[in-house]
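First the structure, in the form of structure tokens, and then the observations on it.
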Amino acid sequence: MKEKIVIVGGVAGGATAAARARRLNEDADIVIFERGEFISFANCGLPYYIGGSIKNRDDLFVTTPELFRERYNIDIRTSTSVLSIDRDNRHVAVTDLKTGRTYKESYDKLILSPGAEPVLPTVEGLDLSQVFTLRTIPDTDRIMAFVETHTPKSAVIVGGGFIGVEMAENLTAKGVKTTLVEMLDQIMPQLDFEMASMLHEHMWENGVMLDLENRVIRITRHDGKIRLFTENGYHLDTDMVIWAVGVRPENGLAKTAGLELGVRSGIEVNAAMKTSDPDIFAVGDAVVNRHLITGKEMLLPLAGPANKQARIAADNALGRASLFHGVLGTSIVKVFKKTAAITGLTEKNLKAENMAYIRSYTFSGSHASYYPGSETMGIKLLFSPGTGKILGAQIVGGEGVDKRVDILSTAIYAGLTVHDLERLELAYAPPYSAAKDPINIAGFVASNILNGDIDVIHWDKIGGIDQSETTLIDLRTPLEIDMEGTIEGAIHIPIERLREKLSELDRKKSYVVFCAIGLRGYLGYRIMSQKGFNVKSLNGGFEIYKTTLPV
């Protein structure tokens, strides 16, 4: 009997599932219903088209309905909305949005790929014509039409996640003076505070005003502009608004069909991407994922997992056993000339899960320092006490961040430890890396902490030091201190003179040594600890400390 696969939704999940299903079964009937006009487009590229990095709108389309139909022999019905699912009789009710005709379509197996929709809270004024969201091609067209027609001089972006940060950069590239409003004390809430703080100054330097720990409570028109009233008691006047406070799963079909929902109302699926109905699968931004480390349920609206899930759903719908093992949340974002990336658990996650962990910070060049163009990257590593198993990592820097986060994601997936990072043999030539790659350096420092070769203190504990009992020693050069400043109350002893100055130090006191990024702090610690001093080293040095200070 010929199998009939009906797929609801295109883009990453639906189109991938359809292509996979056809490769597995040339004779299957495969139907895709897509509410919009486009079967598959690069929604991650939308901000870059608006900013001008992507010049041609057609480049956003992975494929067209016509090409997809011809290549895969699939019945594609765009501008068609699926209204409901009749699970008992295994059919869906659909409406052709162009003609208004409503009809039923049967299925043997149903794959849901509805995606996610922007979160739109009950804020007055969100329906104004100068307020936009960005999720689809029509959203992009509306923004582009407004920018080209009205030539806005200013914009306010509400929300500091991926879309908010990317739009801040791309509107700035269009010459639009941009303010970003975020309710938290940091942008990129996926990162820990100190790592996100590395991006704050960079955004200010590139002309983006950050309005943190604030919330928009009302939007009105005022003298031809948009006026945003904020929780902090003042207002912002602007030419346009991008509302980007996050997304939520489009679960309407699943909910009305009685399918089981999980965390934050995502569609519950098992490892085969099967819902609570054995004939219905679901993939992508609308489904519940399980974290590979904690096993806990979570939502993760990322294209990578959606594509993998789509292949697995198609496999199982056509009788080939295939499993999705979970997610690490590996992701990356461009922020002007910097890049931020993350994989695994953050410190915030670990605290919430009450999991024991150790953290380390390192700053390394993207390639050999003597080869032109090397850029510093900061790596935060989180790992288990005792075993050193890697739990998570965050990186902020310039070139090479993508390579290193992928190595760390692979290491976590494989269950490697920080000791393994020391031993990894990674490609080296001066234009690409150093003989000791940043990943190796991160492994060395983490292993030193784990082995007890250094006792560290972190940036967030410096403020609690009683300086009548503990002396801070700045090991940097006078020039560095003149240029960068120092920690209040610290005394200055350059690392090269530390040995000769030991006799002048009070052995009854405790000491914290620090330098720029940690290397000289490590050397200072080794000198003082072996001479009997009670000493700690500031992990990550003054570099990590200063990033957390107000911009």
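Worth saying up front: this structure is predicted, and the values here are computed from it rather than measured.
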> side-chain contact (heavy atoms from CB on, under 4.5 Å) between Ser154 and Met209: does it pass, once the steps are laid out?
Replying inline: CA-CA 11 Å; Ser154 63; Met209 303 286 289; over 6 Å; no
>> Let's go through Leu128 and Ile226 carefully: what are the C-alpha distance in whole Å and the side-chain angles of both, what is the deciding distance for side-chain contact (heavy atoms from CB on, under 4.5 Å) to 0.1 Å, and is it a yes or a no?
In response: CA-CA 9 Å; Leu128 295 176; Ile226 292 291; 3.8 Å; yes
>> Assess the residue pair Thr136 and Asp139 against the criterion (side chain to side chain donor-acceptor pair (under 3.5 Å)); give the C-alpha distance rounded to whole Å, side-chain angles, the decisive distance to 0.1 Å, and a yes or no.
In response: CA-CA 5 Å; Thr136 65; Asp139 293 339; 3.2 Å; yes
> Would Lys296 and Arg290 count as a side-chain contact (heavy atoms from CB on, under 4.5 Å) if you check the C-alpha gap in whole Å, the side-chain angles of each, and the deciding distance to 0.1 Å?
Replying inline: CA-CA 5 Å; Lys296 296 288 185 66; Arg290 281 165 181 78; over 6 Å; no
> Under the side chain to side chain donor-acceptor pair (under 3.5 Å) criterion, do Thr16 and Asn307 qualify, and how do the steps go?
Replying inline: CA-CA 6 Å; Thr16 298; Asn307 277 278; 2.7 Å; yes
>> I'd like to know whether Asn289 forms a side chain to side chain donor-acceptor pair (under 3.5 Å) with Gln309, so could you lay out the CA-CA distance, the side-chain angles of the two residues, the decisive distance to 0.1 Å, and finally the verdict.
In response: CA-CA 10 Å; Asn289 293 274; Gln309 292 165 358; 2.6 Å; yes
> Which is it for Met198 and Lys338 under the side-chain contact (heavy atoms from CB on, under 4.5 Å) test, yes or no, and what are the steps along the way?
Replying inline: CA-CA 9 Å; Met198 295 182 190; Lys338 287 191 180 293; 5.8 Å; no
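Once rounded to the nearest 0.5 Å, the distance linking CD1 of Ile332 with CD1 of Ile342 reads 11.5 Å. The structure places CG of Asp86 at 6.5 Å from NZ of Lys104, a figure rounded to the nearest 0.5 Å. Atoms NZ and CD1, from Lys274 and Ile280 in turn, are 11.5 Å apart once rounded to the nearest 0.5 Å. Distance check: Leu126 CG to Ile219 CD1 gives 4.5 Å after rounding to the nearest 0.5 Å. Between atom OG1 of residue Thr339 and atom CG of residue Leu199 there is a gap of 9.5 Å, rounded to the nearest 0.5 Å. Here CZ of Phe41 is found 7.5 Å from OG1 of Thr140. Values are rounded to the nearest 0.5 Å.
For Phe336, the CZ atom sits in a packed shell: over 12 heavy atoms of surrounding residues, nucleotides or ligands are nearer than 6.0 Å. Within a 6.0 Å sphere centred on CZ of Arg215, other residues, nucleotides and ligands contribute 12 heavy atoms or fewer. Other residues, nucleotides and ligands contribute more than 12 heavy atoms inside 6.0 Å of the NZ atom of Lys348. Annotation: Arg71, atom CZ; neighbour count of heavy atoms from other residues, nucleotides and ligands within 6.0 Å does not exceed 12. Annotation for Tyr432: atom OH does not count as buried by contact number, only 12 or fewer foreign heavy atoms lying within 6.0 Å. Counting heavy atoms of neighbouring residues, nucleotides and ligands inside a 6.0 Å radius, atom CE of Met144 exceeds 12 of them. For Glu425, the CD atom sits in a loose shell: 12 or fewer heavy atoms of surrounding residues, nucleotides or ligands are nearer than 6.0 Å.
Residues Ile50 and Leu134 have side chains in contact (heavy-atom distance under 4.5 Å, counting atoms from C-beta outward). Val147 has its side chain within reach of Pro152: a pair of non-hydrogen atoms, C-beta onward, lies under 4.5 Å apart. A 4.5 Å side-chain heavy-atom check between Pro438 and Ile379 finds at least one atom pair inside the cut-off. Between Arg23 and Arg311, the closest side-chain pair of non-hydrogen atoms falls below 4.5 Å. Ser433 places a side-chain heavy atom less than 4.5 Å from the side chain of Arg404. Looking at heavy atoms from C-beta onward, Ile187 lies in side-chain contact with Leu210 at the 4.5 angstrom threshold. For the pair Ile74/Ile32, a side-chain contact is recorded, criterion being any heavy-atom separation below 4.5 Å from C-beta on. Counting only heavy atoms from C-beta outward, the side chains of Arg320 and Arg20 approach each other to under 4.5 Å.
Proximity of a side-chain donor or acceptor of Arg69 to a complementary backbone N or O of Thr64 within less than 3.5 Å is not detected. A donor-acceptor contact shorter than 3.5 Å is absent between the side chain of Thr95 and the backbone of Ser81. Using a distance-only test at 3.5 Å, with no hydrogens or angles considered, no donor-acceptor pair links the side chain of Thr330 to the main chain of Leu328. Formation of a donor-acceptor pair under 3.5 Å by the His367 side chain with backbone atoms of Pro372 is found in this model. Put simply, the side chain of Arg135 never gets that close to the backbone of Asn43: no donor and acceptor are under 3.5 Å apart. Without hydrogens or angle criteria, Thr410 side chain to Asp406 main chain gives a donor-acceptor distance under 3.5 Å. Using modelled atom types, no side-chain atom of Trp243 and backbone atom of Gly159 make a donor-acceptor pair closer than 3.5 Å. A distance-only check finds no donor-acceptor pair linking the side chain of Asp29 to the backbone of Glu3 [under 3.5 Å]. A donor-acceptor pair is defined here as one N or O able to donate and one able to accept, closer than 3.5 Å; such a pair exists between the side chain of Asp437 and the backbone of Ile439. Side-chain atoms of Asn316 come within 3.5 Å of backbone atoms of Ser322 as a donor-acceptor pair (strictly under, hydrogens ignored).
The minimum heavy-atom distance between Thr133 and Ile143, with the atom names listed, is O-CD1, 3.9 Å. When all heavy atoms of Asp277 and Arg87 are compared, the pair lying nearest together is OD2-NE, 2.8 Å. Summarising the geometry of Arg221 relative to Ser129, their closest heavy-atom pair is NH2-OG, 2.8 Å, with the distance given to 0.1 Å. Of all heavy-atom pairs spanning Val283 and Ala313, the tightest one is CG1-CB, 3.6 Å. Between Ala244 and Gly164, the shortest heavy-atom distance links the atoms CB-N, 4.0 Å. Gly125 approaches Val131 most closely through the heavy-atom pair O-CG2, 3.7 Å.
Ion pairing between a basic and an acidic side chain is recognised when a charged N comes within 4.0 Å of a carboxylate O; Lys334 and Glu166 show no such pairing. Electrostatic pairing of Glu34 and Arg77 does not count as a salt bridge here, judged by no charged N lying under 4.0 Å from a carboxylate O. Residues Glu375 and Lys337 are not paired through a salt bridge, judged by the lack of any N-O separation under 4.0 Å between the basic side chain and the carboxylate.
Test Leu382, Leu408, Thr343 against Gln394 for side chain to side chain contact (heavy atoms under 4.5 Å, CB included) and you get one pass: Leu382. Applying the side-chain hydrogen bond (donor to acceptor under 3.5 Å, both in side chains) test between Asp239 and each of Lys177, Lys225, Lys153 identifies Lys225 as the sole match.
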